[in-house]
Amino acid sequence: MKILVPVKQVIDPSFPVRLKPDCSGLEMGLMHLVINPYDEVALEEALQWREHDDAQSVLAISCGNEGCLDVLRSALAMGADRALLIETHHAMSSLVLARILKKIALDEQCDVIFIGRQGMGSDSNQVAPMLAALLDWPLISFAEAIKLEGSADGKTVVVQTRSDSGSVTLKAPLPAVISVELTLNTPRYAAMQNLIKAKKTVIPRKAAESLGVDLNTHISVAQLRHLPMRPNGEIVADVPTLLDRLRHKEKILL
Amino acid sequence: MTVLVFAEHDGTKIKSKTMATITAAASFSDEIHVLVLASERQSPALTEQAAVIAGVSQVICASADHFSCGLTEDLAAQIIEQMKRHTYSHILMSSSYLGKRVLPYLAGKLNLDCVSDCIVTENDGLGSDFFVRPVYASSLLVVEKITASPKLISIRASTFARAGKQAIPAPITIIPAAPKVSAVTRTAINKAEEVFGIAITRAKIVIGIGRGITKEELPLVEKLASILNAAIGATRAVVEEGLVSSSAMLGQTGKTIAPDLYIAIGISGAIQHLAGVKDSKVIVAINDDLQAPIFQVANYGIVGNAKVIIPQLISALEKTPEEVA
């Protein structure tokens, strides 16, 4: 079995992002780029499958400029067997990314795709469902626990997923696209010697334009904006004052 | 221009998220169709409810048992069927867990781009191709331009008022159900645990607890919650300590809430947490560190230790307003 894990490079979510004063983009000076934490969980799941002999190889893939080689190196250091960079300098919509991933998944004859449910930062939750739709593979979203089961007519996965009314268990045949929650597992740390080894690895690259995939997009970022400020808060001196405000000014409490 | 709104329901009731989505739909067009997909048994009550939501001009309903499992592929297939019967300018869902999987799946099937989690529909006169949504755990907004047609948009329901009722019900059209296409089967449902019987996403008042609350103070928090008829939510750190169940986690990786009142106790206010509570109408922060970021988003703050403040709140609330006066 082959597992494909798309990994996205994102701004380290543990630091607040800042807009440039003219709102033309993000203040990148102090930003540290990391592997999308959701994708890191997806990769950990793939590595665990391989360790349990449920899978033979794990391919990590990233789309973007040369900078994305860093997240692929992190993926290799964690234990991915192979890495592939799809090189492009254009901003890519979720749909274009899904088209590219479809092409790679079919070329590489992958049996399952584990992917973070969202890119931390863009927070759009689109690639996994779009990819499943394009491949016409079953979609399992928001996985919190995944079990592989063998059966006469092939492999199936039994997955506990998040839903609006609690958790729901779904069963699907492979191949399938599975999007993961952060709660699925705790990703391992890469060992220092693996990080050093990954640094020296030459990662294969393919130009996005060479894939024969439609790269046209009908969506783009027009502007970034600050959030409207909340009205200035009031620090109240004591509990009676607080309750007075909630009762008489906000009319929330009786 | 006609807008199609996908109705979310629990089998008996149309969800309030859908009512809010209909409010958003009304800003695009006066012609609003609501699509109800449910089992034969559930459909009559649901379509009746949908028909009297203010602004709805037509209810479209397809009934089949497989719809009640809510599988992405089946729901998307039926939306596509309806799109063949009528031309829509917009297809809307709320950005619930359901909307977050069905809408982009539909977009993939139609080979269209889509916008997730849209928060406002007025866009400073930029035009009808522009949509605003929060990014970076709701710490910034992005304006996206989408030229695809129809426009597939998911709506952050907590930022829109719920549509009210209309006196004259909209007509109901029954359409044939598309056959089941999904290879997925649902094998079990485990209802979310509700703290004090109040679902956290529906509670009018929510008390959030962070690292400043330990096991010792938890009974106090529970007492305060029962007086206020509030649900209890928590930050990731508190959930990881096992103090409350993960279904009560608020924030980017947990639930997004928009109650009338959110009381943050012992919460510093990391952006990942704020992402889940920012839409609350009034935020009260109780924290002993005035520098905590939570005070920057709070409408009211009290600087003090939770151990001291909670008992004061409890005793003040136990008195009737007249006694206080």
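All values below were derived from every heavy atom in this structure, side-chain atoms included, with hydrogens, water molecules and symmetry-related copies excluded. Below, chain A is the first sequence line, B the second, and so on; all start at residue 1.
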Assess whether side-chain contact (heavy atoms from CB on, under 4.5 Å) is satisfied between R117(A) and K100(B), documenting all intermediate values. CA-CA 9 Å; R117(A) 66 118 120 167; K100(B) 279 179 177 149; 4.0 Å; yes

In terms of heavy-atom proximity below 4.5 Å to chain B, should L131(A) be classed as side chain, backbone, both, or neither? neither

Applying a strict 4.5 Å limit to non-hydrogen atoms, the region of V284(B) in contact with chain A is side chain

Check ion pair D164(A)-K17(B) (N to O, under 4.0 angstrom): yes

Below 4.5 Å, heavy-atom pairs only: which of E8(B), K15(B), R186(B) has the largest tally toward chain A? R186(B)

Heaviest contributor of heavy-atom pairs below 4.5 Å to chain A, chosen from L98(B), V135(B), V181(B), is V135(B)

Assess, by modelled atom type and distance only, whether the side chains of R99(A) and N111(B) contain a donor and an acceptor separated by less than 3.5 Å. yes

Is the shortest side-chain heavy-atom distance between K109(B) and D136(A) below 4.5 Å? yes

Side chain K171(A), main chain T185(B), donor-acceptor under 3.5 Å: no

T241(A), part contacting chain B, at a heavy-atom distance under 4.5 Å: neither

Could you look at S95(B) and say if it's the side chain, the backbone, both or neither that has a heavy atom under 4.5 Å from chain A? neither

Heavy-atom pairs under 4.5 Å with chain A, option from V142(B), I271(B), L103(B), V115(B) with the top count: V142(B)

In terms of heavy-atom proximity below 4.5 Å to chain A, should I309(B) be classed as side chain, backbone, both, or neither? both

Side chain to side chain donor-acceptor pair (under 3.5 Å) partner of D113(B), the single match among S93(A), S94(A), S220(A): S93(A)

Chain B interface, residue from R162(A), M120(A), E181(A) that has the most non-hydrogen pairs under 4.5 Å: R162(A)

In terms of heavy-atom contacts, does NZ of K145(B) have more than 12 from other residues, nucleotides or ligands at under 6.0 Å? no

Any idea which of N125(A), L246(A), V127(A), V168(A) has the most non-hydrogen atom pairs under 4.5 angstrom with chain B? N125(A)

In terms of side-chain heavy atoms, does R245(A) have a donor or acceptor partner in Y300(B) at a distance below 3.5 Å? no

Rounded distance [0.5 Å steps], CG in L242(A) versus CD1 in I286(B): 6.5 Å

Check whether E73(B) gets within reach of chain A through its side chain, its backbone, both or neither, counting any heavy atom under 4.5 Å. side chain

Rounded to the nearest 0.5 Å, how far apart are OG of S165(A) and CD1 of I189(B)? 7.0 Å

Evaluate the criterion side-chain contact (heavy atoms from CB on, under 4.5 Å) for residue pair L141(B) and H226(A); output intermediate values, then yes/no. CA-CA 6 Å; L141(B) 299 178; H226(A) 289 288; over 6 Å; no

Checking L106(B) against chain A: side chain, backbone, both or neither under 4.5 Å from a heavy atom? neither

Given heavy-atom pairs under 4.5 angstrom as the criterion, report whether the side chain, backbone, both or neither of L71(B) touches chain A. side chain

Below 4.5 Å, heavy-atom pairs only: which of G108(B), C69(B), A107(B) has the largest tally toward chain A? G108(B)

Going by side-chain contact (heavy atoms from CB on, under 4.5 Å), T72(B) matches just one of I140(A), L170(A), L139(A). Which one? L139(A)

Checking L313(B) against L243(A) for the side-chain contact (heavy atoms from CB on, under 4.5 Å) test, could you report, in this order, the C-alpha distance in whole Å, the side-chain angles of both residues, the deciding distance, and whether it holds? CA-CA 8 Å; L313(B) 271 170; L243(A) 293 179; 3.8 Å; yes

Do T169(A) side-chain atoms and T187(B) backbone N/O form a donor-acceptor pair below 3.5 Å? no

Worked check of side-chain contact (heavy atoms from CB on, under 4.5 Å) between D238(A) and I302(B): CA-CA 7 Å; D238(A) 50 23; I302(B) 289 193; 5.9 Å; no

For the atom pair CG (N299(B)) and NZ (K249(A)), what is the distance rounded to the nearest 0.5 Å? 8.5 Å

Residue L112(B) versus chain A: region with a heavy atom under 4.5 Å: backbone

At a heavy-atom separation under 4.5 Å, does S96(B) approach chain A through its side chain, its backbone, both, or neither? both

When the 4.5 angstrom heavy-atom criterion is applied to C114(B) and chain A, the contacting part is both

Taking atom CZ of R236(B) and atom OG1 of T183(A), what is their separation to the nearest 0.5 Å? 7.5 Å

Quick one: CD on E144(B) to OG on S122(A), what's the gap to the nearest 0.5 Å? 9.0 Å

What's the spacing between Q118(A) CD and Q252(B) CD if we round to 0.5 Å? 5.5 Å

Heavy-atom pairs under 4.5 Å with chain A - which of S116(B), A270(B), A188(B), A76(B) has more of them than the others? A188(B)

